[in-house]
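Below is one structure, written out as structure tokens; the observations come after it.
Note that ligands are numbered from 1 as they come in the structure, with each ligand's atoms numbered from 1 the same way. On a predicted model such as this, the values are computed, not experimentally measured, just so you know.
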Amino acid sequence: MSAITKFIIGDGGLPAICVETAVSTAEIYLHGAHVTKFQKKGEPPVLWMSGKSLFETKSPIRGGIPVIFPWFGARDGKVLKHGSARVKSWRLIEIAHLAGGSVALRFQLPAETDDADFAELEAEYTVTVGESLGLDFTVKNNSNSKSLSFEECLHTYFTVGDIGAVSVHGLKGSQYLDTVGGLNERIEIGDSIGISSEVDRIYHDTPVTVEIHDEKLRRKIKIEKQNSLSTVVWNPWIAKSKAMADFGDEEYHGMLCVESGNVRMNPVNLGPGKSSKMSVKISSSSM
Ligand code: BG6
């Protein structure tokens, strides 16, 4: 079959685009340029979505891939956590049907008119749906005199069969900021990471490929990236899940965030007129 793209009115009346290729399906909301679905035919969804997610213009969608930009976490003097991009309505500027049957959708973030600190940054995001999911996030500094610094993160929520039967590979030997129970810098010593309590870690200087091995679904998810030095691993576990209104109390069993970005110790500094591109490729295979 040749690929099909369809415009729909999604949850909460928000506009979205459905993509169906010969091998996969995907769904992307203009609100946040938020990928809410990527699923290979005959497999469980790769991306996880909360059944409690809000779909309203003032809130981020819970699950899928929130685009975090131009800052990560809380920032002094800013009201929004994780930047404004995930609650902005992006413009879809191109749909390209590629040789091989993939579809690439290009989105543009409207200029920041209400935040002078980032008004000169221009962001574009290309989502390519096929056998794998490709994500290219490009930022240009339109100032002709000033260097600008920002953070970016593709905050990806993955579906897992059972969080207790999952291991994360590729981060051995990396330094990370552990944000659970204070802020502590640590070194990852294990060959792989298992999750049996709340985990919220920012791994620095990690351009590496990370894999999630899922014993229950017998599936391996591979996260390959370019120009991304940070990897965030997050599972809220019991108390945090209960504290979030848009997250089910028991949903932490079935999800894991492995986020690719440039945050905290690894921000992007762009000279006048320069641009940067971070790319992530997400693929899955059976194991
Ligand atoms: C992660 C952070 O990236 O995002 C966590 O490391 C945070 O600290 C999580 O709780 C979710 O953030 P939010 O704003 O979507 O609830």
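- Lys225 and Ser228 share a donor-acceptor pair across their side chains, judged by distance under 3.5 Å alone.
- Defined by atom type and a distance below 3.5 Å, a donor-acceptor pair is present between the side-chain atoms of Asn269 and Ser149.
- The single protein non-hydrogen atom nearest to atom 1 (C) of ligand 1 is His155 NE2, 3.3 Å, given as residue, atom name and distance.
- A salt bridge links Arg106 with Glu94: the closest approach of a Lys/Arg side-chain nitrogen to an acidic carboxylate oxygen falls below 4.0 angstrom.
- Using a 4.0 Å cut-off to heavy atoms of Phe72, the atoms of ligand 1 that qualify are 3 (O), 6 (O).
- In this structure, of Arg264, Arg86, Lys240, Arg201, the residue bringing a heavy atom nearest to atom 15 (O) of ligand 1 is Arg86.
- Residue Ser132 holds its OG atom at 8.5 Å from NZ of Lys40, rounded to the nearest 0.5 Å.
- The option with the heavy atom closest to atom 16 (O) of ligand 1, from among Glu198, Arg62, His82, is Arg62.
- Atoms of ligand 1 lying under 4.0 Å from any heavy atom of Lys81, numbered from 1 in the order shown and given with element: 7 (C), 10 (O), 12 (O), 13 (P), 14 (O), 16 (O).
- Annotation: atom 3 (O) of ligand 1 to nearest protein heavy atom, Glu259 OE1, 2.9 Å.
- Annotation: atom 11 (C) of ligand 1 to nearest protein heavy atom, Trp234 CH2, 3.6 Å.
- The number of heavy-atom neighbours closer than 6.0 Å to NZ of Lys41, taken from other residues, nucleotides and ligands shown, is above 12.
- Note: Tyr176 and Tyr203 have tilted aromatic rings, judged against thresholds of 30 and 60 degrees for the angle between ring planes.
- Looking only at atom types and distance, the side chain of Ser167 has no donor-acceptor partner in the side chain of Ser192 under 3.5 Å away.
- Residue contact check for ligand 1: Phe247 places no non-hydrogen atom closer than 4.0 Å to it.
- Given atom 5 (C) of ligand 1, the protein heavy atom at minimum distance is Asp200 OD2, 3.1 Å.
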